[in-house]
There are 4 protein chains.
Amino acid sequence: MPKDTFFNLPDEKRQRIIDLALAEFSENDYDSASISRIVAQAGIAKGSFYQYFENKEDLYTYLLTLGAEAKAQFLGDNPPDPQMGTFAYIRWLSAAGIKFELARPQLSQIGYRAVRSGALPVEMQEQARVGATVFFRQLVEQGQVMGDISPEIDPDLAAFLFSAIFSELGSYLLNRLQDRGVLEDGRSLFETPEAERLFDQVLHILERGMGTA
Amino acid sequence: MPKDTFFNLPDEKRQRIIDLALAEFSENDYDSASISRIVAQAGIAKGSFYQYFENKEDLYTYLLTLGAEAKAQFLGDNPPDPQMGTFAYIRWLSAAGIKFELARPQLSQIGYRAVRSGALPVEMQEQARVGATVFFRQLVEQGQVMGDISPEIDPDLAAFLFSAIFSELGSYLLNRLQDRGVLEDGRSLFETPEAERLFDQVLHILERGMGTA
Amino acid sequence: MPKDTFFNLPDEKRQRIIDLALAEFSENDYDSASISRIVAQAGIAKGSFYQYFENKEDLYTYLLTLGAEAKAQFLGDNPPDPQMGTFAYIRWLSAAGIKFELARPQLSQIGYRAVRSGALPVEMQEQARVGATVFFRQLVEQGQVMGDISPEIDPDLAAFLFSAIFSELGSYLLNRLQDRGVLEDGRSLFETPEAERLFDQVLHILERGMGTA
Amino acid sequence: MPKDTFFNLPDEKRQRIIDLALAEFSENDYDSASISRIVAQAGIAKGSFYQYFENKEDLYTYLLTLGAEAKAQFLGDNPPDPQMGTFAYIRWLSAAGIKFELARPQLSQIGYRAVRSGALPVEMQEQARVGATVFFRQLVEQGQVMGDISPEIDPDLAAFLFSAIFSELGSYLLNRLQDRGVLEDGRSLFETPEAERLFDQVLHILERGMGTA
DNA sequence: GATGAATGAGGATTCATTCAT
DNA sequence: TATGAATGAATCCTCATTCAT
C-alpha cells in the first residue's frame, strides 16, 4: 500500500499521479511501464515517488485495488430490481460491466492485463479467478432453483461461459459499431438500437441454450 | 527471417535456441523479453545471436510464423469428415484448437499476446483479426444455409461468440480438471469422460441457443 | 542543450567533464568518440552522463556552440582600430584567428572536424560555410571600394584564398617554429620576431598580389 | 602489406575489394570504417579478408600507398615541358593535382583524411608532410635562382602557401561552378572558360605577390 | 516532506578478429 | 586457399532505486 505521505497529498496532485500511472500501466506491461515517465509527466521529483510508494510493485498493486473498488462501487451504485429473473439480472450485470469498461477503460485494461499475464501476486490472482467464478456460479445455481436454467447445466461451466463472453463483448460491440460508423466513441454505446439488438441476441442465445423450455 | 547461419545449425542447438526463445517470449512482453537472457540460457555468445537473426524483431516474427505454421499443420493433419453438420464441424474445430493449445502452449501464448497487445506488424494484425472472424462468419452463414443455425442469428455476432468461447475454453477446462485432481497435465485432456462431458455441454448450449428447432 | 542538472554541477566538476569531452571529440570522429571513455576518465557513472545531456549529439552540439561562443568572444575582446586599411584589418583578423586556435586548440579542432566531415546538422553546416565566405567576400568588396584591392580580383575567389591560407597558417607556423626549437608551445607564438616576420611576409605577398599598385 | 594470397587473386576480384575498401575508408574515419561492410559488399567471407590482410590497419596503409603511387604515376604520365618558367610549372603542377583529385576522389580523400586526423603511423605522417614541403621548397628555391621569385621570399613559407591553396582549390572550384550550374560533374572542370579564368587569377595573384617585378 | 543528482546493472546491437572445417 | 560461425568487448542508452540536502 502507498505510504501515508501519498494520502496526505492535495487531492488534485494525488489524482494526477494516479491518472498518469493508470495511463502508463494500461498501455504497458508491468516491466515496460516506466516510473521515470510517470514522474516526468506528473512533474514530481523522482525521489518523491519513493516517498509515496514503497516501489514499483506497490504502485501497481494499488492501481489494481483501485480498479476492484471502482468496479464494486460502480455495480453497487446502480442496483437492479431484485425481483427480476435470472437472465434479466445477467443482462443487467453484463451491461453494467460493459458500461464500466467504457467509463473506466484504463482500470479495466490493467485488470485484464494482470489476469492474462499471470504477473500479479499469486494471492490476488487466485482471488480474482475464484471471485468471478464463484459469483457467477452462485447466480447460475440460483437460476436453476428458480427454474430459469436447466438443472442439467454444469453451474461452473455456465459461469465460465458468462465470464468469457461478457469480458470480450464490450470491445467487440465497440469495434463493430465504430467500424460501421454507427458510433464515434463508446460513451453512448447502449443508446443505439443496433447495440441493443446485438446485446439482446447474445442473451437470447444463452437463454435458449441454457433454459428449461 | 533468420539468416542461413541459423538454419545450418545442428538440429539440437537450433531447437534449444527456439525453445528458450519461445519460453522467453511466451512469458514476457515483446519489450520485456530479453535477448540477453536467451543467449545466457542457451550458452551462446551475445554476438552469435546476431549471426542467426537480424535483430530482436526478426526472432519475434519468426516465432510467430512458427506458431502459424504449426497450427496450420496441426489442423491439416487431422482433417474431419467433410459431410458432418455445422456444429459437429465446430466441435471438431474447437477441439483441435484446444488440443493445439495444450500441445504447444508457448506457441499459442505468443500468438495471443501478439494479437492482444497490438504490437505485431499492422499487416499481420489485420490478417489475424479479419482471418479469424471471416472464417467463423462464413461457417455460420453456411450453417444457416444448411438449416443448422437460425437465420435470425447475426453471423458476425455468432462468429464472435465462437471465437470468444473457444479461445478461453481450453485453459478453463485444464485449470478446472487439474484443480480437482482429474488431470496432471493437459496432454490427456480429452481422454477423460469428464472433459468430454463438459465440452459437449458447451456445444449443446450453443446448438440449442442458435439452432432452428 | 545540456539539462539544468549539468549547469547546476560544481564548476570544477562541470569543467572537468567539458575538458574531457573536448579532448575526446577533438581527437576522434563523432562516431568514434566514446561516451564510455569520457565518463570513465571523469569518474562519473554512465547513467550520470544522461542526467546531464540528452544524448551523445546533445553533448556534441554543445561543444560546437561553446567553440562558436568562445571564438566570438575572443574576437570581440580585442577589437581593432576601425580606421585601418583592408590588409591591416585582415592581418588583425587572421592573427586573432590564429591566436584563438593556439589558445583553444581543441575547440578549434572540433569546429574544423565538423565542417570537414559534413556531419553537423545541415543548418549549421550551411551557416558555417556561407558565414565564413560571405564575411570574407564583403571584406574584399569593401577593400575594392577603398582602393586597397584591384577591382579585377574576383571577390569570392579572394575570400577563398584568405580562408584557405589562414585556416592552415597557424599550425604551419607552430610546427615550423617548434621544429627549429624557437618555440616550446604555441602560447607565445606571436612574441617571436621570427613569427612576426613570416606572418608579415604572407600578407605582403597577398597585398602585392591583389593590390592596385 | 597485404599477403601474397591477395596479390594472387584474380584481377577482377582484387580490384573489387580495393574499390569497396576505398569507398569505405574515404567516407569514414579509420575507426568508423567497417571491415564487415566491406566484405559483405564484396561478397567474400569474413575469414578470407584475414587471408589477404594482416588486419584492418594493413588494409588501410595499403590504400594509402596505393594513393601515393597513383598520384606519382599520374604526375609522371603527363610531364610538362621542362623549359617552362617557375609559375608555369606550378600552374601545370596544381592543375595536375586537381585533375588527379577529380579523377580519383576517393584516393585523395583518404589521403587528406589521414593527414588531418594525425591517425596515420608517425613515419608516414612525417614522410607526407616533409615530402610535400620539401618538393615545393626546392621548386621555390629554383624559381629564385631563375629570377622568377623574389629572393626575399622565405622558400619554406612559399611552399606552404602553394600547398595550402592548391589542396583546397579543387573542391572550391568544383563547388562554386556546380552551385552556379556551370558544371554537372567535375570531370570537365578545366574545360570551361570560367574555371580557366579563376585558376589563372589565383596564379597571377601569387605571381605578382612573389615575383621580382 | 520534498528534492533531484548519482548509481550501476541491464537493454539491443556492431565490431574486429580467430579458428576449425 | 576459402569459408563463415563463434566470440566477447565495445557501443549508446534506460531503468528502478537510494540518499544527502
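None of these values were measured; they are calculated from a predicted model. In what follows, chains carry the letters A, B, and so on, assigned in the order in which the sequence lines appear, proteins first and then strands, with residues in each chain numbered from 1.
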Nearest 0.5 Å, please: how far is [atom2] in [Y] from [atom1] in [X]?
| X | Y | atom1 | atom2 | answer |
| --- | --- | --- | --- | --- |
| Leu64(A) | Glu57(A) | CG | CD | 10.0 Å |
| Gln15(A) | Leu9(A) | CD | CG | 11.5 Å |
| Ile35(C) | Tyr50(C) | CD1 | OH | 5.5 Å |
| Ser36(C) | Glu24(C) | OG | CD | 9.5 Å |
| Leu63(A) | Gln106(A) | CG | CD | 10.0 Å |

Inset, instruction - Assign each of Ser32(A) and Gly47(A) to its nearest nucleotide of DNA chain F by heavy atoms, then name whichever residue's nucleotide is nearer the 5' end. - result: Ser32(A)
Is the shortest side-chain N/O distance from [X] to OP1 or OP2 of [N] below 4.0 Å?
| X | N | answer |
| --- | --- | --- |
| Arg37(A) | dT14(F) | no |
| Thr5(C) | dA5(E) | yes |
| Tyr52(C) | dA6(E) | yes |
| Ser34(B) | dG11(E) | yes |
| Ser36(B) | dA12(E) | yes |

Could you tell me the separation between the [atom1] atom of [X] and the [atom2] atom of [N], rounded to a whole number of Å?
| X | N | atom1 | atom2 | result |
| --- | --- | --- | --- | --- |
| Asp31(C) | dA10(F) | CG | P | 18 Å |
| Asp4(C) | dG4(E) | CG | P | 10 Å |
| Asp29(D) | dA16(E) | CG | P | 12 Å |
| Lys56(C) | dC13(F) | NZ | P | 8 Å |
| Ile35(C) | dT14(F) | CD1 | P | 12 Å |
| Phe49(A) | dA5(E) | CZ | P | 19 Å |
| Glu24(D) | dT14(E) | CD | P | 14 Å |
| Lys46(A) | dT7(E) | NZ | P | 14 Å |

What does [X] touch in the nucleic acid at a heavy-atom separation under 4.0 angstrom: a base, only the sugar-phosphate, or nothing?
| X | answer |
| --- | --- |
| Ala40(C) | nothing |
| Leu9(D) | sugar-phosphate |
| Asn8(D) | nothing |

Inset, instruction - Among dT7(E), dA5(F), dA5(E), find the nucleotide with the atom closest to the side chain of Ser48(C). - result: dT7(E)
Inset, instruction - Would you indicate which nucleotide in dA6(F), dA5(E), dA2(E) comes nearest to any side-chain atom of Lys13(A)? - result: dA2(E)
Legend entry - N-O pairing of Arg14(C) and Asp11(C) below 4.0 Å: yes
Inset, instruction - Give the ring-plane orientation class for Tyr30(B) versus Phe25(B), where under 30° counts as parallel, over 60° as perpendicular and anything between as tilted. - result: tilted
Legend entry - First encountered from the 5' end of DNA chain E, between Gln51(D) and Glu54(B):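 Per heavy-atom nearest nucleotide, the more 5' residue is Glu54(B).
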Legend entry - Along DNA chain E (nearest heavy atom to each residue), the more 5'-positioned of Ala45(C) and Tyr50(B):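 Between the two, 5'-proximity favours Ala45(C).
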Inset, instruction - May I ask you to check whether Glu101(A) and Tyr112(A) show a side-chain donor-acceptor distance below 3.5 Å? - result: yes
Inset, instruction - Give the angle between the helix axes at the two ends of the helix from dA2(E)-dT21(F) to dT21(E)-dA2(F), taking five base pairs at each end and rounding to 10°. - result: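 Helix axis angle between the two ends: 10°.
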